[in-house]
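Taking it in order: structure first as structure tokens, then the write-up.
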Amino acid sequence: MPEITPAPCAPEDVRRVACIGAGVIGGGWVAHFLARGYDVTAWDPAADAEDRLRRLVAAAWPALEQIGLADGAAPDRLTIAPTLAEAVADADFVQESAPEKLELKRSLLAELAAATRPGVVIASSTSGYPMTDMQEGAENAVRLVVGHPFNPPYLIPLVEVVGGERTDPEAVAWSSRFYEVAGKSVITMDRELPGFIANRLQEALWREALHMVANGEATVEDIDASITEGPGLRWAFMGPCLTFALAGGEGGMAHMLDHFGPSLKSPWTRLEAPELDRALRDAMIDGCREAAGDRTYADLVAARDQGVIDVLRATGRLGRTRR
Ligand SMILES: NC(=O)C1=CN([C@@H]2O[C@H](COP(=O)(O)OP(=O)(O)OC[C@H]3O[C@@H](n4cnc5c(N)ncnc54)[C@H](O)[C@@H]3O)[C@@H](O)[C@H]2O)C=CC1
Ligand SMILES: C[N+](C)(C)CC(=O)CC(=O)[O-]
């Protein structure tokens with residue numbers, strides 16, 4: 001086991017966060033950390049990255065003002081660094097949100113672990129790679145963790161935190177605490193599972209949706225309505241297990257399982273992913289275009305953000321985290 005250097009500061013004392021990769025998720029993290037009053041340094045190799053990032057932060061800011069900013073929070077506390085090394089030089093915490101490609105993540109995380117100050121924790125936003133696979137070849141891998149967010153990270157509270165085989169458990173504990181201090185709801189996993197918890201659940205639903213579109217069994221619009229007008233309303237405040245316990249009436253989960261258990265063996269799901277061929281790709285894209293109507297991407301982001309805020313407010317969870 002390599003020598004473990006403690007983090008240079010306590011999670012409560014973090015002042016500067018570096019966000020590496022500033023697309024949909026990296027940009028969302030930037031907006032979140034700025035709103036929570038941190039100094040943020042971002043780095044992204046794309047030529048148009050700074051423009052995109054500043055647009056994303058400006059579009060998110062009204063929602064962030066609505067839910068309440070930390071003292072001193074301001075978009076101008078964002079610095080765009082010219083190089084990766086400069087971005088992380090003074091960082092107390094690093095959030096990596098580069099494209100979901102295993103080789104890229106591996107070399108980038110190794111580069112980050114070499115460029116940051118000793119002990120600084122580096123979290124990857126990966127949607128599903130186990131950290132053990134991503135930390136291969138990295139020196140200082142002890143402080144590499146997964147911190148998987150949900151889009152948009154500045155509004156959806158959940159972060160799933162888990163380390164890899166070479167991660168120091170202290171780094172996992174440190175990052176879970178840091179995310180809590182930074183206003184997130186944290187699930188800390190004690191073992192690796194590809195896709196973590198939420199994406200394993202989401203992907204099961206998503207595979208089934210794609211099968212139904214591929215087979216012409218349901219439209220994109222009907223699939224979306226089946227969730228927003230149905231189970232999605234319950235899932236905003238009660239998870240699928242407790243929700244189904246209520247399906248068993250006063251007999252609870254025991255009756256629910258006895259009653260509906262046999263249907264688990266019915267062909268209600270296909271589980272294997274469908275082939276993402278041209279026809280399915282076109283059907284999904286056309287269906288979403290139709291569902292969006294004349295609303296632009298910015299219109300949809302604003303509607304989604306307001307919807308999340310309304311649900312959080314209506315369920316008494318605005319500004320409150322899980323613990
Ligand atoms: N889009 C989503 O809903 C979610 C994505 N994630 C994860 O977040 C990460 C980023 O995904 P998105 O933001 O959706 O992708 P994106 O395509 O919107 O952004 C990726 C950004 O990384 C930049 N980039 C390219 N090469 C890079 C490098 N070598 N170093 C640093 N940055 C580089 C690109 O210029 C781009 O701005 C992925 O790991 C993804 O799985 C996690 C949760 C949700
Ligand atoms: C689509 N996605 C798999 C990248 C989604 C996530 O990872 C989490 C989310 O925001 O739903």
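Counting starts at 1 for both ligands and their atoms, following the listed order.
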*Any idea which heavy atoms bring Trp174 and Val14 closest together, and the distance?*
CH2-CG2, 3.5 Å
*Determine, using ring centers only, whether Tyr38 and Phe178 are less than 6.0 Å apart.*
yes
*May I ask you to identify the nearest protein heavy atom to atom 15 (O) of ligand 1, giving residue, atom name and distance to one decimal place in Å?*
Val24 N, 4.7 Å
*asked:* Quick check: Trp43 and ligand 1, any N/O pair under 3.5 Å apart?
replied: no
*Do Ser176 and Thr188 have side-chain atoms, one donor and one acceptor, less than 3.5 Å apart?*
yes
_Regarding ligand 1, does Glu100 bring an N or O atom to under 3.5 Å of one of the ligand's N or O atoms?_
yes
*Note the single closest protein heavy atom to atom 29 (N) of ligand 1, along with its residue, its atom name and the distance in Å.*
Leu104 CD2, 4.0 Å
*Does the distance from a Lys or Arg side-chain N to an Asp or Glu carboxylate O, for Arg77 and Asp39, drop under 4.0 Å?*
yes
_Taking atom 19 (O) of ligand 1 as the reference point, the nearest protein heavy atom with its distance_ = Gly23 CA, 3.3 Å
_Protein non-hydrogen atom found under 4.0 Å from atom 17 (O) of ligand 1_ = no
*asked:* Between Arg117 and Asp92 (salt bridge meaning N to carboxylate O under 4.0 Å), is one present in this structure?
replied: yes
*asked:* Does any N or O of ligand 1 fall below 3.5 Å from an N or O anywhere on Lys105, backbone included?
replied: yes
*For the atom pair OG (Ser127) and CD1 (Ile25), what is the distance rounded to the nearest 0.5 Å?*
7.5 Å
*Tell me, which protein residue and heavy-atom name are nearest atom 33 (C) of ligand 1, and how many Å apart are they?*
Pro45 CD, 3.4 Å
_Spatial distance of atom OG1 (Thr167) from atom CZ (Arg143) [nearest 0.5 Å]_ = 11.5 Å
*Which is it for Thr296 and Leu300 under the side-chain contact (heavy atoms from CB on, under 4.5 Å) test, yes or no, and what are the steps along the way?*
CA-CA 6 Å; Thr296 63; Leu300 291 169; over 6 Å; no
*atom 21 (C) of ligand 1 - nearest protein heavy atom and its distance*: Asp44 OD2, 3.6 Å
*Selection from Leu53, Val146, Asn151 by shortest heavy-atom distance to atom 3 (O) of ligand 1*: Asn151
*Answer with side chain, backbone, both or neither: which part of Leu84 has a heavy atom less than 4.0 angstrom from an atom of ligand 1?*
neither
*Residues in side chain to side chain contact (heavy atoms under 4.5 Å, CB included) with Ala35, at least two apart?*
Trp61, Leu64, Leu69
Please tabulate, line by line, the atom pairs linking an N/O of ligand 2 to a protein N/O at a distance below 3.5 Å, with the distance in Å to 0.1, or answer 'none'.
unit_1	atom_1	unit_2	atom_2	d
ligand 2	7 (O)	Ser127	OG	3.0
ligand 2	7 (O)	His148	NE2	2.9
ligand 2	7 (O)	Asn199	ND2	2.8
ligand 2	10 (O)	Asn151	N	2.9
ligand 2	11 (O)	Gln202	NE2	2.8

*Search all heavy atoms of Phe33 against all heavy atoms of Cys19 and return the closest pair with its distance.*
CD1-SG, 4.0 Å
*Do Tyr179 and Phe93 make the cut of ring centroids closer than 6.0 angstrom?*
yes
*How close do Val162 and Met189 get, heavy atom to heavy atom, and via which atoms?*
CG2-O, 3.7 Å
_Could you work out, for atom 20 (C) of ligand 1, the closest of Ser97, Ala198, Pro152 by heavy-atom distance?_
Ser97
_Side chain Trp29, main chain Ser125, donor-acceptor under 3.5 Å_ = no
*Measure the spacing between CG of Leu233 and CD of Glu229 and express it to the nearest 0.5 Å.*
6.5 Å
_Below 4.0 Å from ligand 1: does a non-hydrogen atom of Phe150 turn up there or not?_
no
*asked:* I need the atoms of ligand 1 closer than 4.0 Å to a non-hydrogen atom of Ala46, numbered in the order shown.
replied: 35 (O)
*Which residue owns the protein heavy atom closest to atom 5 (C) of ligand 1, what's the atom, and how far is it?*
Ile25 CG1, 3.2 Å
*asked:* Between ligand 1 and Ala49, can you find any atom pair, the residue atom being a heavy atom, that is separated by under 4.0 Å?
replied: no
*For ligand 1, which atoms sit closer than 4.0 Å to a heavy atom of Thr126?*
39 (O)
*asked:* Can you report which non-hydrogen protein atom sits closest to atom 22 (O) of ligand 1, along with the distance?
replied: Pro99 CD, 3.3 Å
*Decide, yes or no, whether a salt bridge links Arg54 with Glu50 under the criterion of side-chain N to carboxylate O below 4.0 Å.*
yes
*Where is the tightest heavy-atom contact between Leu144 and Gln135, given as atom of each residue plus distance?*
CD1-CB, 3.7 Å
*asked:* Regarding atom 38 (C) of ligand 1: of the candidates Ser127, Ser125, Ala98, which has the closest heavy atom?
replied: Ala98
*Closest non-hydrogen protein atom to atom 43 (C) of ligand 1, residue and atom name please, with distance?*
Pro149 O, 3.3 Å
_Can you name the atoms of ligand 1, numbered from 1 with element, that are less than 4.0 Å from a heavy atom of His148?_
42 (C), 43 (C)
*asked:* Just to be sure I read this right, does ligand 1 sit under 4.0 Å from the backbone of Glu96, its side chain, both, or neither, counting only heavy atoms?
replied: neither
*Could you tell me which atoms of ligand 1, counted from 1 in the order shown, lie closer than 4.0 angstrom to a heavy atom of Arg52?*
35 (O), 37 (O)
*Can a salt bridge be assigned to the pair Arg177 and Glu12 using a cut-off of 4.0 Å between side-chain N and carboxylate O?*
yes
